[in-house]
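A short worksheet on the structure shown next.
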Amino acid sequence: MRRRLVVAATFLLAAAPSWAQTPPPDRAHLGPRTLVPAMVACTDLPITAVPVPSVVILGGQNPIGRTVLYKGDVVVLNSGTNENLGVGQRFVVRRLQGTPKQFPKKGEGFGAVRTAGWLTITAVNETTALAMLDFTCDAVSPGDFIESFTEPILPPAASALSEPQFDERARLIFGVDRRSSFANGDLLSIDRGTAQGVPTGARYAIYRDRHDGLPLVHVGDAVVVETSELTSKVVLVMVRDAISADDIAVPRRAP
């Protein structure tokens, strides 16, 4: 009887999903759940101007005219060699979250671009191209546009766990689907990027201002996993309370 219990327990441990297991020490800087590059790429990208795409998806190449498209489907693009497209090129597929009318005015925040997936050009003529969807974060639809693809790479390590430096504070923006409430292991963006000297692997402490005259309260920690010019994507590696977009991020760096 005891042997059966031991075998059953071993089976249950082996069958536990990867996200439920404690990450090995060399991945502890990537949070408590298994984080893969695609998860970072699929997190909404903050932008400051409405995109004006030159190449968009016209539809799917399938017998029934299906317009909801996923990994493995072939799509038709509205441009070809006239836009310097060529066989083997890879592009990311994106769409604006919301409408241009809903986009924040200049200086009033960030709009969001949803990454729907990425594709590879498989055939091209002067005015059109065919492409295979290599990966989809979300359904790809006619009207989605393409941009240059950069392979997402997770930082192999994080910076030292230094004391927070309150001389520079970052604002939390949003996560996937413009979420504004976050838990341990979630991804979101902050309003600091390479223009402010933020590297991947940088650590940030998350603080809350209760607006009651008392000091800021430490509610979590994050590590930068991807940077752009004005923003960075971070993963929450420790949370003491639910994080919200009203909280602030403070760099943990040597003075």
Side-chain angles (χ1 to χ4, degrees), residues 36-107 109-154 173-178 187 189 191 193-195 200 225-233:
V36 297
M39 294 168 66
V40 178
C42 292
T43 302
D44 289 2
L45 178 67
I47 55 173
T48 57
V50 176
V52 183
S54 58
V55 183
V56 301
I57 292 174
L58 295 175
Q61 192 185 50
N62 55 75
I64 60 174
R66 180 165 45 83
T67 58
V68 179
L69 308 164
Y70 293 97
K71 178 181 177 180
D73 284 334
V74 175
V75 299
V76 182
L77 305 177
N78 72 335
S79 300
T81 56
N82 59 338
E83 288 286 347
N84 298 315
L85 299 184
V87 173
Q89 292 177 336
R90 300 183 73 192
F91 293 91
V92 65
V93 181
R94 290 191 165 130
R95 76 172 64 95
L96 181 67
Q97 291 277 58
T99 68
K101 289 183 178 181
Q102 296 171 318
F103 199 87
K105 294 180 181 179
K106 187 175 181 179
F110 292 86
V113 162
R114 174 73 165 142
T115 297
W118 41 94
L119 53 76
T120 300
I121 305 293
T122 57
V124 63
N125 62 25
E126 184 178 356
T127 58
T128 59
L130 299 180
M132 174 76 74
L133 292 174
D134 302 320
F135 186 90
T136 48
C137 313
D138 191 5
V140 170
S141 304
D144 291 350
F145 60 92
I146 67 171
E147 292 183 332
S148 298
F149 177 80
T150 301
E151 192 77 41
I153 300 174
L154 297 177
I173 307 176
F174 46 65
V176 177
D177 290 328
R178 293 185 290 188
L187 289 153
S189 290
D191 67 346
T194 55
T200 56
V225 291
E226 183 181 86
T227 58
S228 59
E229 183 181 6
L230 299 177
T231 65
S232 298
K233 294 179 183 179

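- Across every non-hydrogen atom of Met132 and Gly72, the tightest pair is SD-O, 3.0 Å.
- The closest side-chain heavy-atom distance from Phe91 to Ile121 is below 4.5 Å.
- The two residues Gly111 and Phe174 come nearest to each other via the heavy atoms O-CZ, 3.5 Å.
- Looking at residues two or more places apart in sequence or on another chain, you find no side chain to side chain donor-acceptor pair (under 3.5 Å) involving Ser189.
- Under the 4.5 Å side-chain criterion, counting only non-hydrogen atoms from C-beta, Leu130 is not in contact with Val75.
- Annotation: side chain to side chain donor-acceptor pair (under 3.5 Å) contacts of Glu229 (sequence neighbours excluded): none.
- Using a 4.5 Å heavy-atom threshold, the side chains of Ser141 and Asp144 count as touching.
- For the side chain to side chain donor-acceptor pair (under 3.5 Å) test, no residue two or more places apart in sequence or in another chain qualifies with Arg114.
- The shortest side-chain heavy-atom distance between Leu45 and Arg94 falls under the 4.5 Å cut-off.
- The two atoms that bring Leu85 and Val124 nearest to each other are O-CG2, 3.8 Å, heavy atoms only.
- Applying the salt bridge (Lys or Arg N to Asp or Glu O under 4.0 Å) definition to pairs two or more places apart or across chains, none involves residues 124-133.
- For residues 40-59, the pairs satisfying side-chain hydrogen bond (donor to acceptor under 3.5 Å, both in side chains) are Asp44-Gln97, with sequence neighbours left out.
- Once rounded to the nearest 0.5 Å, the distance linking CD1 of Ile57 with CG of Leu69 reads 7.0 Å.
- Here side-chain hydrogen bond (donor to acceptor under 3.5 Å, both in side chains) pairs that include residues 116-125, with residues two or more places apart or in two chains, are Thr120-Asp134, Asn125-Thr128.
- Applying the disulfide bond (SG atoms under 2.5 Å apart) test to pairs two or more places apart or on separate chains, those with a residue in residues 112-146 are Cys42-Cys137.
- Side chains of Val92 and Ile146 form no contact here, defined as non-hydrogen atoms less than 4.5 Å apart.
- The disulfide bond (SG atoms under 2.5 Å apart) contacts involving residues 75-106 comprise nothing, where partners must be two or more places apart or lie in separate chains.
- The side-chain hydrogen bond (donor to acceptor under 3.5 Å, both in side chains) pairs that include a residue from residues 76-86 number zero, where partners must be two or more places apart or lie in different chains.
- At least one side-chain heavy atom of Phe103 sits under 4.5 Å from a side-chain heavy atom of Leu96.
- Taking each heavy atom of Ile47 and Ala112 in turn, the nearest pair found is CG1-N, 4.2 Å.
- Here Ser232 pairs with nothing under the side chain to side chain donor-acceptor pair (under 3.5 Å) rule; sequence neighbours left out.
- Residue pairs meeting the side-chain hydrogen bond (donor to acceptor under 3.5 Å, both in side chains) criterion with at least one member in residues 62-75, sequence neighbours excluded: Arg66-Asp73.
- Annotation for Ala41 and Pro152: closest pair CB-CG, 4.1 Å, computed over non-hydrogen atoms.
- Within the structure, disulfide bond (SG atoms under 2.5 Å apart) pairs that include any residue of residues 56-98 do not occur (at least two apart or interchain).
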